[in-house]
Amino acid sequence: MAAAYNQITIESGHGPDKAADLTAWREIITPSIAVLREMAGTTEDEFLQIGSQLQDFHQRSSEITSMANRLMEAVSGNQALSLIERLRRMMADTEAYLAAARGRSRDSCETLERILDLLDQVSVPLEGFQKMYKVLRMLSTSTKIESARLGEMGTGFLTLAMDVEKLSYLVNDKSGNILKQRQVLAGMIADNLKVVHSSESTQDREVNAILESTTTSLDELVSVNERCSRFGSLVFSVSGEVSGSIGEVVASMQSHDITRQQVEHIVEALERLALDLRAGGDAAADMGRQRRLIIEAGDVCELQSAQLRHASSELFAAVCSIGDNLREVARRQARMAEETLAATGIGDSAGHSFVEGMSRGLSTVTAVLANCARADQEMSTTMKKVASTIGEIAGFVTDIEDIGSEIDLIALNSQIKAAHTGREGAALGVLAEAIKRLSVDAVTQTEAVSQTLIRVNEVTEHLFQEVEEDNEQAVFRITLMEEELKEILGTLGSMNMDLVALLSGLNNRVGSLTDAIDRATAGIGVHEQTKRTAEEVMAGLDRIVVHARKLEPASTEFKENLRHMEERYTMQSERHIHETIARRREGGTAVKAQVAEQPKMNGGGESEFGDNVDFF
Amino acid sequence: MAKIIMTADDSASVRQMVTFTLKQNGYDVVEAVDGQDALTRLSGQKVDMLITDLNMPNLDGLGLIRGVRAGTLNKFIPIIMLTTESQDGKKNEGKAAGATGWIVKPFKPEQLVAVVKKVLG
């Protein structure tokens, strides 16, 4: 539509031909007016659409900022601080508990090794009992032989031989039992020590790894907490920048109204010129009037072309600014989301947070604590068994002590019988002496075994009491630690759920906002259309200016003719352009670049609210 | 309860931006498409403040201000002119008609909010 009137040919003429020129110019101006009217009246819908989207973008942007704040609160708020404190205490308790458990285990092992040594010491007297058994068997046989030799006189000795034989079996049996129990006990202790020593190194490795991992998790949480505390100011700053961009968009959105008014002023000026040209196009019009009209047409078209150029470029810049600022909002929010994710330690695209790893690490602490408790329990059971076996051995020692007394009695009895028998019983007297010596040996050996076992018993009893008490305390402590750990894991789980949900929400919202802004800005074409239309109109007006100036050079002679235009201006920018063109006609040095310059809105002093605000 | 502000402007896009800015800051907004529409609405509705354009069809901003000041319901409310007009002569006319203040378009949201807060206290 606009291109058609630009095809109109203008040819220079004189006299009646000038009237034709004026008519030709009117034929350019009249459709230009229609085009400008349409331009001013039909572009607002696109602005209104951008405006309604702006509200949506602002809302979404606020939600993103709010989510970023909630993410940071989740890892740096009071809950997180309390969690850090609890984890620190938990770590200290765990370390103290594990150190104590390790100490107990070491003490128990040392004691068991000492018991093993003592049990070794029992071997020597027990071997003495075995020799005693052999001697008693021999004495019994010898007594029987001697009794047979004496015939009726030795009848009483046969009973004695039987008693000695019985005693030998008793000694063999009881000392054998003690030896057997000693071996069982030594085997049990050795096995236990072997298990403890082998599991200790594995447990130590596990415990160290867990403590190291938990320390790393705790350090990470502390580091996230510190980063997020500092990051709050960045979110605030980005939020301010986003508000600034939204503010720029709001300001730019008003350019439609400003441009519309400027275009309306251009239309009014051109309408008045068109009316004048209609009258001047009459061939009967006098030369003077035609000359004035030519100069007026040149002046008006020059001015309105400049006004239109300014209005169009301002609108173009404003719409570009709308697009740039909206994209800037998306870019800033995307950056803030990225930095939020980095600061909170949630950089994993799979939506995992460091809290998950931390929870897994802490869960294994429970397993380690349970292992330690089991090891404690096993050691306690071993100690009970040791104590019980020692008790049994002590019982056998009493039996042996009884045997010693019995040997003593038998020896005395045999001595008496030998004395009654007289010279024939002299050999039996020797046997009685031997039995007597055995009773003394038995007492010595029994005492040696008994003393050693008493020492073992003392050590075991003492240990048993300590282990029993420590174990009760440890069970209570572990229960408390497990409960605390369970609560910490619950809190971490809940924190993790919050983080993952917020992370997903934040990413989705940023992605959705960016897409929506990309779509909205890609669809903005009002500035391009306005620029094309304005350029077509300006081309027509500029052709008139060139032609008019060729016919009649610019002159200030009829500058009062333009007064009506000045009166219509509402904007400082319009007056500025007008003055610039006027100065140029008067030989000033104003150049086109100055036309595009944004003049100050308010000639008065700047108030605290800005240079475009006044209070009365 | 949120304060109510009327915006009178024949430009829908300007009304949209004024409404957007004020609603974001917790105000309720009533829109009028020109001076006459505003005056009609204000005769039956109490508002806390009026923000009006100068050049509008049917009744311009100055006529609107005079009408409001001559009425009863909203006689003493603060009135801010929001216009492209920047000449001191026009500002003086606004002042004489009873305007409280003058903002030359385009406004920045923070400016408008600061002005509103100042006049509404």
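Lettering of chains follows the sequences in order, A, B, ..., and the numbering in each one begins at 1. No experiment lies behind these values; they were computed from the predicted model shown.
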Counterpart residues, ring pair (Phe, Tyr, Trp, His ring centres under 6.0 Å), relative to Phe57(A) (two or more places apart) = none
Would you mind writing out the side-chain donor-acceptor pairs for residues 55-79 of chain B within the sub-3.5 Å range, not counting sequence neighbours?
| residue | atom | partner | partner atom | Å |
| --- | --- | --- | --- | --- |
| Asn58(B) | ND2 | Asp34(B) | OD2 | 2.6 |
| Asp60(B) | OD1 | Leu62(B) | N | 3.2 |
| Asp60(B) | OD1 | Gly63(B) | N | 2.8 |
| Arg69(B) | NE | Gly98(B) | O | 3.1 |
| Arg69(B) | NH1 | Lys75(B) | O | 2.7 |
| Arg69(B) | NH1 | Ile77(B) | O | 2.6 |
| Arg69(B) | NH2 | Ile77(B) | O | 3.0 |
| Arg69(B) | NH2 | Gly98(B) | O | 2.8 |
| Asn74(B) | OD1 | Val47(B) | N | 2.8 |
| Asn74(B) | ND2 | Leu42(B) | O | 3.0 |
| Asn74(B) | ND2 | Gln45(B) | O | 2.8 |
| Lys75(B) | NZ | Arg69(B) | O | 3.0 |

Quick check: do [X] and [Y] have side-chain heavy atoms less than 4.5 Å from each other?
| X | Y | answer |
| --- | --- | --- |
| Asp9(B) | Glu31(B) | no |
| Arg575(A) | Ser86(B) | yes |
| Leu506(A) | Ile64(A) | yes |
| Gln24(B) | Val250(A) | no |
| Leu36(A) | Leu270(A) | yes |
| Ile80(B) | Ile103(B) | yes |

Output yes when Asp515(A) and Arg519(A) qualify as a salt bridge under the 4.0 Å nitrogen-oxygen rule, no when they do not.
-> no
So, Lys90(B) and Glu85(B), do they make that salt bridge, N to O below 4.0 Å?
-> no
Name the region of Ser255(A), side chain, backbone, both or neither, that has any atom closer than 4.5 Å to a heavy atom of chain B.
-> neither
Identify which part of Leu54(A) has an atom lying under 4.5 Å from any heavy atom of chain B, answering side chain, backbone, both or neither.
-> both
Considering only heavy atoms, give the residues of residues 40-49 of chain A separated from chain B by less than 4.5 Å, sorted numerically, with 'none' for an empty result.
-> Glu44(A), Phe47(A), Leu48(A)
For the interface with chain B, which of [options] has the highest count of heavy-atom pairs at distances below 4.5 Å?
| options | answer |
| --- | --- |
| His256(A), Gln254(A), Gln55(A) | Gln254(A) |
| Arg260(A), Met571(A), Gln59(A) | Met571(A) |
| Ala251(A), Ser252(A), Ala318(A) | Ala251(A) |

Check the side chains of Ser245(A) and Glu328(A) for a donor-acceptor pair under 3.5 angstrom, ignoring hydrogens and angles.
-> no
Chain A contact via Thr21(B) - which portion, at a heavy-atom distance below 4.5 Å = side chain
Parallel, tilted or perpendicular: which describes the rings of His527(A) and Phe316(A), with under 30° parallel and over 60° perpendicular?
-> tilted
Heavy-atom contacts under 4.5 Å, residues 110-121 of chain B to chain A | Gln111(B), Ala114(B), Val115(B), Lys118(B), Val119(B)
